[in-house]
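One structure is given below, encoded as structure tokens.
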There are 2 protein chains.
Amino acid sequence: MFSKACEYGIKATIFIAINSSENRRVSPKEISEEIDSPQAFTAKILQALVRNNIVKSVRGAYGGFEIEKDKIATTKLSQIVYAIDGDGIYKGCGLGLHTCDENHPCPVHDKFKVIRDELKHMLENTSLEQLALDIKSGVAFLKV
Amino acid sequence: MFSKACEYGIKATIFIAINSSENRRVSPKEISEEIDSPQAFTAKILQALVRNNIVKSVRGAYGGFEIEKDKIATTKLSQIVYAIDGDGIYKGCGLGLHTCDENHPCPVHDKFKVIRDELKHMLENTSLEQLALDIKSGVAFLKV
DNA sequence: TTTATTTCGGACAACTTTATCCTATTTGTA
DNA sequence: TACAAATAGGATAAAGTTGTCCGAAATAAA
Ligand code: FES
Ligand code: FES
């Protein structure tokens, strides 16, 4: 469904959000330990998230990654997915036709579109805050 | 969503179904031309479909690939996907946790499960026959 | 201003998926 | 039986994704 990079990116962003809500910056090392991901690869993904203005990085001593507090509620899952995997999952044809086109549909188009749109809707309506709360309250987990 | 191999597999199977319903066997060459896929790679995927008893192959002169007529109505999309991509798409965790477990869910579990189950339901309730009919009647297409 | 700390970014390595090529095997027909 | 036509399958290559390494650049504190 999502690429590994995207999975790591989502989990990393949630972990950063949790810590930012408590005014703590976190390092790629902490992040990769908490989300059980390869450190250097995770660092690369974090760079992409920074470039896409989803998380903020602060270099140098006492630096790390953080998310501005007001962004925790407004940032949606869809933005993270888009930043890393692009929009193929929302727009692409389920059978790999060059474009998904109502006027030239593949045989699964009608049925596939329903699910794809629902996924899109879900991603666009799920905020970082919601996800972070479930981790904080211990009802959801980022690893194992 | 699906691998390239799976996309080709689905389209190939639909094309074989159309031809089998008219008592024609088809070759990997014809198939790859009609579904716009690399021939040798498509042939490999066809082997997998044969091993999984989804299509039948007949070697030698006048051979080719076919699907027994009664199977065209009973074969479901889910069987093709399972044969090529396995069950990760039905069972796997959206964020890549080792297993998707209600008792140890990832933060997107509740929302993701709904969509994943709907996808599963769609695949399990879409028959080859339905898909083939849309191609035959010209309302859906296998390439471009 | 120097030093320690930390992210950034490029190069590269490993692995997986996609794709190609060539030969072996099977089978129908002359 | 010999031949031609067709799928099966192994070896290999190309491309994409995932993962590692290391030095450069930035920043805060001493
Ligand atoms: S054309 Fe294939 S999903 Fe729309
Ligand atoms: S645990 Fe992640 S989808 Fe169920």
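In what follows, chains are A, B, ... by sequence order, proteins preceding strands, each numbered from 1. Since the structure is predicted, the reported quantities are computational estimates derived from the model, not experimental observations.
Put simply, the side chain of A/Ser32 gets close to the backbone of A/Lys29: a donor and an acceptor are under 3.5 Å apart.
Aromatic ring orientation, B/Phe112 versus A/Phe2: tilted (interplanar angle from 30° to 60°).
Scanning all heavy atoms of the two residues, the minimum distance from A/Leu142 to B/Leu97 falls at O-CD2, 3.6 Å.
For the segment residues 35-44 of chain A, residues with any heavy atom less than 4.0 angstrom from an atom of DNA chain D are, sorted by number, A/Pro38, A/Ala40, A/Phe41, A/Lys44. Residues of residues 4-28 of chain B having a heavy atom closer than 4.0 Å to DNA chain D, listed by number: B/Val26, B/Ser27, B/Pro28.
The distance between atom CD1 of B/Ile45 and atom P of C/dT17, rounded to the nearest whole Å, is 13 Å. Across the protein-nucleic acid pair, A/Arg51 atom CZ and C/dG9 atom P stand 6 Å apart, rounded to whole Å. C/dG9 atom C1' lies 16 Å from atom CG of A/Leu49, rounded to whole Å. Counting to the nearest Å, the P atom of C/dT27 and the CD atom of B/Glu66 are 14 Å from each other.
Under 3.5 Å, the side chains of B/Thr99 and B/Lys91 contain no donor-acceptor pair of N or O atoms. Between the side chains of A/Lys111 and B/Asn125, no donor-acceptor pair of N or O atoms lies under 3.5 Å.
Counting heavy-atom neighbours within 6.0 Å of B/Phe15 CZ, excluding the residue itself, gives a total above 12. Annotation: B/Lys143, atom NZ; neighbour count of heavy atoms from other residues, nucleotides and ligands within 6.0 Å is above 12.
Between A/Glu7 and A/Lys11, none of the side-chain N atoms (NZ, or NE/NH1/NH2) sits under 4.0 Å from a carboxylate O, so this pair counts as no salt bridge. By the 4.0 Å N-to-carboxylate-O rule, B/Glu66 lies close enough to B/Arg25 to be salt-bridged with it.
Ranked by how close their nearest DNA chain D nucleotide is to the 5' end, B/Val50 and A/Ala61 are led by B/Val50.
Atom CG of A/Leu128 is separated from atom NZ of A/Lys76 by 9.5 Å, given to the nearest 0.5 angstrom. Here the CD atom belonging to B/Glu34 is positioned 10.0 Å from the CD1 atom belonging to B/Ile31, to the nearest 0.5 angstrom.
Once you apply a 4.0 Å limit to the heavy atoms of chain B, the touched nucleotides of DNA chain D run 5' to 3' over D/dA5 to D/dA11.
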